[in-house]
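In what follows, a single structure is set out as structure tokens and then discussed.
Per chain, numbering begins at 1; letters A, B, ... match sequence-line order.
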There are 2 protein chains.
Amino acid sequence: MTLPEQPARPRGSYAKGVARRQEILDRAIEVFAQRGGTRTSLRAIAQEVGVTHAALTHYFGSLEELLVAVYDESSRRPGDNEYTPGEVTPAEMMRRSAEENRAIPGMVQLYSTLNATAIDGNHPAAQAYVTERFADLRARLAAQVREQQASGTLRADVDADLAAALVIAASDGLQIQWLLDPEVDHAAALRLLDRLLSTPES
Amino acid sequence: MTLPEQPARPRGSYAKGVARRQEILDRAIEVFAQRGGTRTSLRAIAQEVGVTHAALTHYFGSLEELLVAVYDESSRRPGDNEYTPGEVTPAEMMRRSAEENRAIPGMVQLYSTLNATAIDGNHPAAQAYVTERFADLRARLAAQVREQQASGTLRADVDADLAAALVIAASDGLQIQWLLDPEVDHAAALRLLDRLLSTPES
DNA sequence: GTCTATACGTCGATAGAC
DNA sequence: GTCTATCGACGTATAGAC
């Protein structure tokens with residue numbers, strides 16, 4: 001739900017040009033979706049969006065903030081399946097989310113780029129966003145693990161927080177391997193992890 | 001082992017300035033180790049190494065190839081524990097390797113940067129290196145999994161190749177989460193995965 | 001308030017002098 | 001074999017047109 005009061009605010013800004021900003025963001029998302037994460041300079045994006053590169057910095061402040069906005073918006077959009085019902089297993093939830101991202105060509109690259117940007121210091125906005133996203137995701141998955149441990153679906157002898165971090169890490173890492181070598185079966189490996197985490201059929 | 005005949009060859013080059021190249025590479029490794037992966041422009045590295053940036057491109061061709069050379073050399077160096085004995089479990093092997101990398105400050109960032117570089121297309125040298133490294137690692141781990149399945153240490157009902165990809169992915173993904181939030185326990189999560197993969201104590 | 005034009009410093013890469 | 005000089009492109013910052 002994330003609070004119903006939230007029309008279309010730019011996140012941190014004091015409402016600059018809300019409508020126009022959204023318009024530009026929509027175009028930028030299309031651009032990122034079509035081309036891969038490759039060749040994404042501020043100027044190239046601006047040209048395809050149809051504005052000057054200075055207009056982008058006007059609305060987004062910097063390239064890293066634009067990347068964050070594009071990823072955030074387009075990851076929030078597709079199925080609105082944040083807060084999925086608790087019946088699916090944790091790895092299955094990551095699998096579905098990753099599958100949606102993989103349907104959009106540039107998305108996985110954008111995600112990896114964003115992670116690398118966040119990692120290397122000197123990019124506080126990206127770092128804050130990615131760090132918070134990981135923390136949220138871990139908390140949500142851990143809660144789900146605890147639920148399903150209580151209902152007997154998942155093994156009770158695993159630490160929920162560790163399992164949450166493990167499932168996220170597995171999904172992210174498998175996506176990278178899959179990008180470099182499509183023979184790596186992201187879905188099958190996550191299904192394996194799910195099976196390892198579930199209670200033995202005894 | 002990787003063939004004993006290999007004195008110090010630059011990898012793909014036709015022997016430009018072998019000794020001098022190695023000298024520069026050694027210095028570059030120290031530089032990467034000390035500072036984080038941050039602030040690593042070709043010119044900055046050159047300045048600290050004590051040459052001009054043109055000299056670096058002379059020996060390494062491009063920045064991406066320098067990154068590959070630095071990572072390759074310094075990951076091969078520390079414990080020479082490629083091809084570890086088969087007694088340790090797969091996740092334990094990744095855990096040890098990651099621990100060594102984490103002891104060198106800039107190493108984890110360099111690894112992530114390299115992965116991102118390989119992913120985004122337009123960097124064929126990095127892509128080829130990382131792709132091959134993943135394939136090698138998967139093959140080695142999968143063989144190890146099969147061994148330990150035969151000896152009864154690991155569960156026999158998991159696909160060895162999937163398990164190998166899963167363990168590598170988990171280790172890589174956990175390192176990223178750990179970099180952004182040191183509370184994420186890389187070693188503990190890998191130990192959990194190891195336990196999930198091992199045969200039930202029945 | 002929106003956006004363009006423009007300039008600044010730095011980047012990776014290359015050509016040619018020495 | 002290494003450096004100087006130079007290139008086009010990059011992200012960012014600012015001044016001012018509308």
Side-chain angles (χ1 to χ4, degrees), chain A residues 8-10 12-28 31-32 35 37-70 110 113-114 116-118 120-127, chain B residues 8 10 12-25 27-28 31-32 35 37-70 110 113-114 116-118 120-127:
Chain A
R9 274 292 161 79
S13 154
Y14 304 94
K16 283 183 186 172
V18 184
R20 178 66 175 140
R21 188 195 136 108
Q22 189 63 41
E23 204 177 313
I24 292 177
L25 186 52
D26 288 344
R27 271 296 293 141
V31 171
F32 271 86
R35 12 181 106 256
T38 179
R39 199 191 158 254
T40 43
S41 72
L42 197 59
R43 290 165 141 97
I45 300 167
Q47 187 181 348
E48 297 211 54
V49 168
V51 293
T52 59
H53 67 279
L56 291 183
T57 65
H58 173 69
Y59 285 110
F60 298 95
S62 70
L63 173 61
E64 63 165 323
E65 289 173 273
L66 173 61
L67 293 179
V68 167
V70 167
L110 175 56
T113 300
L114 210 56
T117 305
D120 88 339
N122 287 16
H123 294 274
Q127 177 168 346
Chain B
S13 155
Y14 304 95
K16 284 181 185 173
V18 184
R20 179 67 176 139
R21 186 195 135 108
Q22 189 62 39
E23 204 176 311
I24 292 177
L25 184 52
R27 271 295 294 142
V31 171
F32 271 85
R35 12 183 106 255
T38 179
R39 197 189 161 253
T40 43
S41 73
L42 199 58
R43 290 166 139 95
I45 300 168
Q47 186 181 348
E48 296 210 56
V49 168
V51 294
T52 60
H53 68 278
L56 291 184
T57 65
H58 172 67
Y59 283 110
F60 298 94
S62 70
L63 174 61
E64 62 164 324
E65 289 173 274
L66 173 61
L67 293 180
V68 167
V70 167
L110 175 57
T113 300
L114 210 57
T117 305
D120 89 339
N122 287 15
H123 295 274
Q127 177 168 346

Expected output is a numbered-order residue list: members of residues 45-55 of chain A with a heavy atom under 4.0 Å from any atom of DNA chain C. What is it? A:T52, A:H53, A:A54, A:A55
A side-chain contact here means heavy atoms from C-beta on lying under 4.5 Å apart; do [X] and [Y] qualify?
X	Y	value
A:F60	A:L67	no
B:V51	B:H58	no
A:H53	A:T57	no

[X] [atom1] to [N] [atom2]: how many Å, rounded?
X	N	atom1	atom2	value
B:L56	C:dC11	CG	P	13 Å
A:L63	D:dA9	CG	C1'	14 Å
B:N122	C:dA13	CG	C1'	15 Å
B:I24	D:dG1	CD1	C1'	10 Å
A:L66	D:dC10	CG	P	15 Å
A:E65	D:dG11	CD	P	14 Å
A:F60	D:dA13	CZ	C1'	18 Å

At less than 4.0 Å, is any side-chain N or O atom of A:S41 found next to OP1 or OP2 of D:dA9? Yes or no. no
Tell me what A:R43 touches on the nucleic acid: a base, only sugar-phosphate, or nothing, going by heavy atoms under 4.0 Å. base
Just checking A:L42: base, sugar-phosphate only, or nothing, at a heavy-atom cut-off of under 4.0 Å? base
Interatomic distance, B:E64 atom CD to B:N122 atom CG [nearest 0.5 angstrom]: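 If I round to the nearest 0.5 Å, the distance is 9.5 Å.
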Could you state the interatomic distance from CG (A:L25) to CG (A:L56), rounded to the nearest 0.5 Å?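 Going from the CG atom of A:L25 to the CG atom of A:L56 covers 10.5 Å.
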For B:A118 and B:A126, work out which heavy atoms get closest and say how close.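 Of all heavy-atom pairs spanning B:A118 and B:A126, the closest is CB-O, 3.6 Å.
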